[in-house]
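Structure record follows, encoded as structure tokens.
Keep in mind that this is a model prediction, so the values were computed, not measured. Residue indices begin at 1 and follow the sequence shown.
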Amino acid sequence: MKRATAQSYRDLSEEQERRAQKLQRSSLVIDAIGSSVVSPEPPIKQGKSYVDRALEAGVNVLNVTLAAHADGLDRFLDQAADYFDLFDARPESTMHVETIAHITKAQESGKLGIIFGVQTGSIVGTDMYLWTIAHKIGCRMAQLTYNERNLLGDGCLEPENRGLTSYGRQSIQEMNRLGICLDLSHAGERTSLDATASSAKPVMYSHADPKAIGPGKRNITDEQMKEMAARGGVMGLSPHSMLSHKVPGVRANVDDLMDMFDYAIDLIGIDHVAIGSDIFESFTKLSWETTTKRWYPSGFLWETMAAEGFSGISEWPNVTRGLVARGYKDEDIAKVLGGNWLRLFKEVWAS
């Protein structure tokens with residue numbers, strides 16, 4: 001794809017800036033994985049709540065994580081209850097998204113649409129029927145594993161890289177039947193390739209960057225990207241420092257992230273690339289350094305855990321600026337901002 005030279009997102013002309021702002025306002029904007037909105041709620045910044053900051057940044061729909069690691073269904077239910085309370089308390093600005101029509105309604109009404117997701121298949125334990133329960137409550141995307149091994153397969157940090165289990169294949173069949181997006185972000189390389197081949201519907205990586213550009217252990221190979229795209233899937237690129245860095249311990253910036261967009265789009269095409277920020281503003285310095293930082297050591301600090309220029313929901317428009325700076329067409333930028341996720345959801349949610 002022919003593009004402009006690598007102009008920085010910081011150096012837009014007045015005309016480019018107007019174009020970027022117009023695109024951010026008029027496009028459907030979907031973040032495939034964002035911060036928790038409640039339980040815990042991100043702190044107020046400059047007098048504005050997280051919901052207000054998201055809406056001000058032009059974000060229409062956000063996937064939130066209700067369970068991760070080795071959490072069971074009880075964690076999912078507890079978190080879901082908190083979100084139902086949110087929808088009751090702030091109906092003027094938030095809404096639950098379970099269908100494509102809900103996405104349209106969120107955009108048209110100016111509300112933040114919230115999709116329930118989980119970052120682990122452990123919520124079903126050994127009871128396959130729990131996928132039905134989770135779906136009834138609103139789960140619309142789910143990862144098979146977190147970084148570690150579970151009953152469904154190996155996570156990306158398991159050295160044996162054993163792949164998908166028979167129980168994992170059964171879970172994929174249930175997810176396909178119900179209309180739950182299969183998210184492979186934390187899956188091991190072999191598990192993700194097995195799952196992509198096993199799924200009757202397109203798969204997603206809600207938050208992952210190309211391993212060819214960024215050496216992070218959670219990033220994905222060209223083969224994973226190509227197999228996902230060949231079956232109609234979508235990957236969301238992330239500014240999270242563990243993913244977006246090029247040099248270990250050196251914080252990336254939005255221009256570095258744009259290099260990853262260029263690489264991914266050249267490799268698999270514009271129809272298969274989107275955004276999943278994975279920026280959890282609900283973390284405090286203490287909570288992050290005593291959990292994520294401790295469990296998954298890296299050279300990054302709480303202050304540098306996301307790329308410079310995209311370290312919070314308010315900076316979402318810098319991605320649009322970066323895409324404008326790189327010379328992408330309006331219709332292609334709209335695909336990256338949310339159109340590609342919408343197409344995937346239409347295909348998968350139609351159970």
Side-chain angles (χ1 to χ4, degrees), residues 23-24 26-34 58-66 94-118 131-132 134-144 171-185 192 195-208 225-237 264-265 268-277 319-320 323 328-351:
L23 280 165
Q24 192 74 22
S26 62
S27 302
L28 172 66
V29 177
I30 299 175
D31 191 333
I33 183 163
V59 178
N60 303 118
V61 177
L62 183 78
N63 167 45
V64 296
T65 299
L66 274 63
T94 64
M95 62 174 287
H96 191 191
V97 168
E98 298 179 272
T99 67
I100 298 301
H102 289 161
I103 292 177
T104 302
K105 182 178 179 180
Q107 184 182 20
E108 292 178 349
S109 65
K111 298 180 182 182
L112 181 64
I114 295 175
I115 302 171
F116 288 176
V118 296
W131 284 118
T132 297
H135 182 267
K136 290 288 186 183
I137 294 169
C139 183
R140 292 297 180 269
M141 61 180 70
Q143 295 185 39
L144 295 178
S171 286
I172 291 171
Q173 291 172 3
E174 279 297 279
M175 293 168 70
N176 288 167
R177 180 183 69 83
L178 293 164
I180 299 174
C181 289
L182 173 57
D183 184 359
L184 300 172
S185 297
S192 72
T196 301
S198 296
S199 180
K201 294 189 176 183
V203 302
M204 66 186 292
Y205 291 89
S206 64
H207 54 304
M225 293 167 64
K226 288 177 179 179
E227 291 299 316
M228 170 272 298
R231 291 164 172 79
V234 179
M235 67 180 293
L237 273 65
I265 290 167
I268 60 177
I270 194 74
D271 293 327
H272 307 286
V273 178
I275 302 166
S277 69
V319 177
T320 307
L323 293 168
Y328 289 100
K329 298 182 295 184
D330 286 6
E331 55 266 37
D332 288 338
I333 294 174
K335 289 180 179 181
V336 173
L337 297 183
N340 288 336
W341 288 132
L342 182 66
R343 189 262 304 163
L344 179 76
F345 296 160
K346 284 180 178 178
E347 291 186 46
V348 176
W349 290 357
S351 60

Please evaluate residues Ser171 and Trp131 with respect to the criterion side-chain hydrogen bond (donor to acceptor under 3.5 Å, both in side chains), reporting the C-alpha separation (whole Å), side-chain torsions for both, the decisive distance (0.1 Å), and the verdict.
CA-CA 8 Å; Ser171 286; Trp131 284 118; 3.1 Å; yes
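- The backbone N or O of Ala350 sits less than 3.5 Å from a side-chain atom of Lys201, completing a donor-acceptor pair.
- The two residues Trp349 and Gly179 come nearest to each other via the heavy atoms CD1-O, 3.3 Å.
- Between Ser185 and His207, the closest heavy-atom pair is OG-N, 3.1 Å.
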Take Lys335 and Asp271 through the side-chain contact (heavy atoms from CB on, under 4.5 Å) test and state the conclusion after the steps.
CA-CA 7 Å; Lys335 289 180 179 181; Asp271 293 327; 2.7 Å; yes
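- Side-chain contact between Met228 and Met235: present, with at least one pair of heavy atoms (C-beta onward) separated by less than 4.5 Å.
- For Ser199, the side-chain hydrogen bond (donor to acceptor under 3.5 Å, both in side chains) test picks out Asn176, with sequence neighbours left out.
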Would Val234 and Val273 count as a side-chain contact (heavy atoms from CB on, under 4.5 Å) here? Give the steps.
CA-CA 6 Å; Val234 179; Val273 178; over 6 Å; no
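- Note that CD1 of Ile270 is 3.5 Å distant from CD1 of Ile265, once rounded to the nearest 0.5 Å.
- When side chains are defined from C-beta on, Val64 does not count as touching Ile115, because their heavy atoms never get closer than 4.5 Å.
- Within the 4.5 Å cutoff, the side chain of Thr196 has heavy atoms near those of the Leu184 side chain.
- Note that OG1 of Thr99 and NZ of Lys105 are 9.5 Å apart. Values are rounded to the nearest 0.5 Å.
- Interatomic distance, OG1 of Thr132 versus CG of Leu178, reported as 4.5 Å (0.5 Å rounding).
- Interatomic distance, Trp341 CH2 to Cys181 SG, rounded to the nearest 0.5 Å: 8.5 Å.
- With sequence neighbours left out, Thr65 forms a side-chain hydrogen bond (donor to acceptor under 3.5 Å, both in side chains) with Gln119.
- The two residues Val118 and Cys139 have their closest heavy-atom pair at CG2-SG, 4.3 Å.
- No side-chain donor-acceptor contact under 3.5 Å links Lys111 to the backbone of Ala106.
- Using a 4.5 Å cut-off on side-chain heavy atoms (C-beta onward), Ile103 and Ile100 make contact.
- Applying the ring pair (Phe, Tyr, Trp, His ring centres under 6.0 Å) criterion to His96, with sequence neighbours excluded, gives Phe84, Phe87, Phe116.
- For Gln24, the side-chain hydrogen bond (donor to acceptor under 3.5 Å, both in side chains) partners are Thr320, not counting sequence neighbours.
- With Asn60 contributing its side chain and Val29 its backbone, the two residues share a donor-acceptor pair below 3.5 Å.
- The line from CD1 of Ile180 to CE of Met175 is 5.5 Å long, rounded to the nearest 0.5 Å.
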Can you list the steps and then say if Asp31 with Val61 is a side-chain contact (heavy atoms from CB on, under 4.5 Å)?
CA-CA 6 Å; Asp31 191 333; Val61 177; over 6 Å; no
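- Formation of a donor-acceptor pair under 3.5 Å by the Arg140 side chain with backbone atoms of His135 is found in this model.
- Side-chain atoms of Asp183 do not come within 3.5 Å of backbone N or O of Met141 as any donor-acceptor pair.
- For the pair Gly232 and Leu344, the tightest heavy-atom approach, listed with the atom from each and the gap, is O-CD1, 4.0 Å.
- The minimum heavy-atom distance between Leu62 and Leu112, with the atom names listed, is CB-CD1, 4.3 Å.
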Stepwise side-chain contact (heavy atoms from CB on, under 4.5 Å) test for Ile114 and Val97:
CA-CA 5 Å; Ile114 295 175; Val97 168; 5.9 Å; no
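- Between the CG atom in Leu337 and the CG atom in Leu323 there is a gap of 6.5 Å [rounded to 0.5 Å].
- Partners of His272 under the ring pair (Phe, Tyr, Trp, His ring centres under 6.0 Å) rule, at least two apart in sequence or in another chain, do not exist in this structure.
- With sequence neighbours excluded, the residues satisfying side-chain hydrogen bond (donor to acceptor under 3.5 Å, both in side chains) with Glu174 are Arg177.
- Summarising the geometry of Pro202 relative to Glu347, their closest heavy-atom pair is CG-OE1, 3.3 Å, with the distance given to 0.1 Å.
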